[in-house]
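Note sheet for the following structure.
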Amino acid sequence: MKKLLSSLLALTMALSLAVLPASALELEEAKELLAVHYVDGVPPEVLELDSLDAILEAIGDPYTFYMTPEQYNAFNQSVNGQTVVGIGATVETAFDGGYRIMSILPNSPALEAGIQAGDLLVAVDGAPLTAEIDPRVPIVGQEGTEVIVTVLRDGQQLDFTLIRRAVDIPIVTYELKDGTALISCISFGGTTAMSFQEAIRELDSQTAVWLVDLRANPGGDSTSTSVTASLFTGGGVLLYFRDGAGDYYASPLPSYPAMTDKPVIVLTGPHSASGSELFAGDIRAYEAGIALGQRTFGKGTAQIVLDENNCEQMTGGEAMKITAYRFFSPDGATNHIVGVLPTLLISPENTERAAMLLTCAPSSHPENHLKIDLAVQTFYVDLSEAMKEENVSAFTELLEALPPSARLLYSTGQNWEKCQPVSPAALAEELGLPFTPRTFSDTSDSPYAREIDTLASYFIVGGYEDGGFHPQDTITRAQFAVLVASALDLPDGKSNPFSDVKEGSWYAGAVSAMTDMGFLSGRGDGTFAPNDLITYQEMVTVLSQVAAWTSMDGYDLEREPLLLEEAIAYRDFAKWAQIPARNLDVLEALTGDLSPSDPGTREVAAGMLCRLMESLHLIWD
């Protein structure tokens with residue numbers, strides 16, 4: 001059921017330093033707010049705990065917390081962009097052995113000292129940080145004073161001595177870089193859309209492609225994100241929310257045209273989260289561009305911020321942020337945990353250069369140019385620029401990352417009409433590039449060659465030491481668990497309840513992840529049977545559950561009863577697999593090569609998984 005939603009929702013996951021759940025709010029009032037608003041419901045035994053700190057710890061949601069007036073003010077500064085005295089870094093709210101640094105502000109002590117996004121802040125002035133310590137307390141201080149921060153980077157402890165000073169938080173900056181319009185955005189706040197509008201008005205006539213850099217953007221609020229995305233997509237529904245009751249809410253914008261018809265390349269990375277992921281999903285859903293970089297963080301929940309303006313229980317400037325919804329892109333896909341898989345998966349060191357290579361303007365004399373049709377967009381590459389020494393690595397990786405759906409033309413003459421499509425590998429060989437294919441040596445005759453190659457372009461499937469995929473080999477329960485967990489980027493599960501799953505084995509993390517999510521289960525006797533072959537109908541059932549969790553369409557299908565004619569159509573499947581078979585058939589992911597009780601094969605598993613991810617828009621195509 002879809003409804004309209006007009007309230008402001010927070011999609012941010014980071015503050016300008018962090019927050020603590022120590023509360024001035026009356027405990028019973030806090031319990032009431034959590035019981036009413038928290039998306040997954042709060043178990044009664046948790047609500048019986050005797051402090052808000054204990055309740056929030058038991059809920060275990062790093063995005064649900066209480067804010068003192070000072071902390072709420074800092075929260076608003078980090079989202080909306082103001083001047084603060086400190087070191088110029090934003091950190092994740094969740095504590096996991098430290099506070100993860102999400103972004104480094106320009107012209108800041110942190111940037112000058114060499115602190116990097118991704119570092120784990122573990123101590124300040126030699127005092128270790130814990131979950132009970134607000135890191136702003138020791139870091140923020142008088143301008144001109146010294147502070148020593150300790151971080152962990154790749155397992156190495158690093159100490160930085162910094163001098164505190166006032167730091168502007170420019171949440172949006174823009175420039176014309178080598179003839180291409182580049183917008184860098186670190187938050188979606190109250191001024192973000194206006195800054196994007198200014199950039200488009202000023203630079204649109206001077207660029208062929210827009211670059212929007214969200215690699216250090218942890219989110220913001222939903223209205224700002226939607227309005228900003230609509231500048232490139234036009235008005236309409238830019239996101240959906242689903243509450244704990246399973247109802248959908250849409251927050252549509254008025255219908256109006258986009259401010260530009262130029263394609264957008266969204267630069268993404270592992271620190272792009274929440275609102276950033278929604279922005280990328282909007283560009284995908286409305287076919288306004290592509291994403292390039294790394295898979296994003298994977299925060300697909302939205303929080304309401306309750307303060308004295310909208311909640312009578314809040315007084316004196318305090319606030320509470322509560323996870324109230326799961327959100328979905330206009331095409332129905334979630335980014336929760338799975339993140340947004342970019343159109344082109346490129347390493348961090350080559351992301352910006354690869355994107356810049358795609359910003360060449362169309363030429364009426366295309367000699368020595370490439371034309372790339374990708375995700376309903378057309379991009380051009382000037383080979384004289386691509387083959388420069390500083391660009392060769394990025395250009396080579398760009399060719400390696402092209403999925404099978406891309407169409408590549410190489411012009412050596414005066415027009416595109418006489419050009420024949422060329423494969424990335426053949427072009428790389430002609431140009432003498434050190435090309436490393438992401439595909440396999442033995443899949444060309446498989447009916448699922450395209451699907452296998454597509455998953456390989458995103459490093460979702462792996463092969464064997466002989467360079468082959470072995471498409472017709474059967475697949476075990478452990479192998480299938482690893483395949484699906486890799487596709488969804490699932491973190492290792494919290495526990496391993498199975499006596500036959502050895503800790504540290506190559507499949508242990510995936511098995512625990514899949515069972516924690518409810519996608520796979522054991523045999524009922526305390527074992528998982530990792531080496532048993534998985535049947536075709538078992539794979540179908542797992543993938544139907546994946547669809548229900550990752551998309552609005554799959555969620556709705558899972559709740560539709562099986563009609564009589566459908567029961568007849570899928571009568572060869574076991575009763576428990578008939579609805580899943582129906583669901584995958586509707587989603588155009590069901591194959592007809594195997595009988596339901598046949599052992600699954602590697603090619604059929606990859607084929608169904610790829611088709612499902614494409615149907616659910618988890619793969620950008």
Side-chain angles (χ1 to χ4, degrees), residues 180 207-214 229-234 236 238 258 260-269 272 276-296 328-335 338-346 350-352 354-362 370-381 394-395 397-409 416 421-424 427 438-439 450-451 453-460 487 550-551 588 610-621:
T180 296
T207 190
V209 176
W210 280 94
L211 298 188
V212 176
D213 189 350
L214 302 181
S230 74
L231 302 177
F232 300 96
T233 67
L238 276 297
T260 175
D261 59 359
K262 310 288 177 60
V264 184
I265 300 178
V266 184
L267 305 187
T268 63
S272 307
S276 294
E277 296 169 301
L278 175 59
F279 182 96
D282 289 337
I283 298 300
R284 179 188 64 215
Y286 284 94
E287 300 179 343
I290 66 170
L292 186 152
Q294 303 84 55
R295 192 193 287 252
T296 60
F328 299 80
S329 298
D331 52 24
T334 187
N335 62 279
V338 304
V340 173
L341 193 62
T343 328
L344 297 174
L345 196 63
I346 304 288
N350 283 330
T351 292
E352 186 169 334
M356 289 293 294
L357 290 174
L358 293 173
T359 63
C360 177
L370 298 181
K371 181 180 181 181
I372 303 175
D373 294 322
L374 176 67
V376 202
Q377 305 296 328
T378 298
F379 299 97
Y380 298 87
V381 176
F395 178 49
E397 189 173 1
L398 174 62
L399 293 177
E400 294 169 351
L402 289 173
S405 59
R407 181 172 179 264
L408 182 63
L409 296 178
W416 293 111
V422 61
S423 73
L427 177 63
R438 298 183 183 179
T439 54
R450 182 197 67 82
E451 290 86 349
D453 288 349
T454 297
L455 295 183
S457 69
Y458 298 110
F459 299 115
I460 290 173
T550 57
S551 77
E588 300 181 346
C610 180
R611 292 178 187 180
L612 183 66
M613 293 181 73
E614 291 172 336
S615 176
L616 301 179
H617 309 288
L618 299 179
I619 287 178
W620 195 307
D621 186 65

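Computed from a predicted model, the values in this text were never measured in an experiment.
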State, to 0.1 Å, how close [X] and [Y] come at their nearest heavy-atom pair, and which atoms those are.
| X | Y | value |
| --- | --- | --- |
| Ala208 | Pro362 | CB-CD, 4.5 Å |
| Pro403 | Leu344 | CD-CD2, 3.9 Å |
| Thr260 | Trp210 | OG1-NE1, 3.6 Å |
| Ile283 | Gly289 | CG2-N, 3.4 Å |
| Ala406 | Leu374 | CB-CD1, 3.9 Å |
| Leu616 | Ser551 | CD2-OG, 3.2 Å |

Would a 4.5 Å heavy-atom cut-off, applied to side chains only, mark [X] and [Y] as touching?
| X | Y | value |
| --- | --- | --- |
| Thr296 | Glu277 | yes |
| Lys262 | Val264 | no |
| Phe279 | Ser272 | no |
| Ile265 | Val212 | no |
| Phe379 | Ile290 | yes |
| Ile619 | Leu455 | yes |
| Phe395 | Leu370 | yes |
| Leu618 | Leu612 | no |

Note to self: Could you walk me through whether Thr207 and Thr359 satisfy the side chain to side chain contact (heavy atoms under 4.5 Å, CB included) test, starting with their C-alpha distance in whole Å, then the side-chain angles of each, then the deciding distance to 0.1 Å, before giving a yes or no?
What the structure shows: CA-CA 8 Å; Thr207 190; Thr359 63; 5.9 Å; no

Note to self: By the definition side chain to side chain contact (heavy atoms under 4.5 Å, CB included), identify the one residue from Thr268, Leu345, Leu358, Leu211 that meets it with Leu292.
What the structure shows: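 Option passing the side chain to side chain contact (heavy atoms under 4.5 Å, CB included) with Leu292: Leu358.
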
In Å and rounded to the nearest 0.5 Å, what is the [atom1] to [atom2] distance from [X] to [Y]?
| X | Y | atom1 | atom2 | value |
| --- | --- | --- | --- | --- |
| Glu400 | Ser457 | CD | OG | 12.0 Å |
| Ser405 | Trp620 | OG | CH2 | 12.5 Å |
| Thr343 | Gln377 | OG1 | CD | 9.0 Å |
| Ser329 | Tyr286 | OG | OH | 10.5 Å |
| Glu287 | Arg284 | CD | CZ | 11.5 Å |
| Asn335 | Arg295 | CG | CZ | 11.0 Å |

Check: Between Thr378 and Asp373, is any side-chain donor less than 3.5 angstrom from a side-chain acceptor?
Finding: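 Present: a donor and an acceptor within the cut-off.
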
Item checked: Under 3.5 Å side-chain donor-acceptor pair for Thr351 and Gln294 ->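 On atom types as modelled, these side chains qualify, holding a pair under 3.5 Å.
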
Notebook entry, point to check: Can you check side chain to side chain contact (heavy atoms under 4.5 Å, CB included) on Cys360 and Val381, steps first, answer last?
Noted result: CA-CA 6 Å; Cys360 177; Val381 176; 5.7 Å; no

Notebook entry, point to check: Trp416 vs Tyr380 aromatic rings, parallel, tilted or perpendicular, using cut-offs 30° and 60°?
Noted result: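 Trp416 and Tyr380: tilted rings.
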
Item checked: Lys/Arg-Asp/Glu bridge criterion (N-O < 4.0 Å) met for Glu451, Arg611 ->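 Salt bridge flag = yes for Arg611 with Glu451.
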
Margin query: Can you list everything that forms a side-chain contact (heavy atoms from CB on, under 4.5 Å) with Pro424? Sequence neighbours excluded, please.
Written below: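 For Pro424 the side-chain contact (heavy atoms from CB on, under 4.5 Å) partners, ignoring immediate neighbours, are Leu399, Leu402, Leu408, Phe435.
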
Next item on the list: Would you please name every residue forming a side-chain contact (heavy atoms from CB on, under 4.5 Å) with Ala258, sequence neighbours left out?
Entry: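 Listed in chain order: nothing, the list is empty.
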
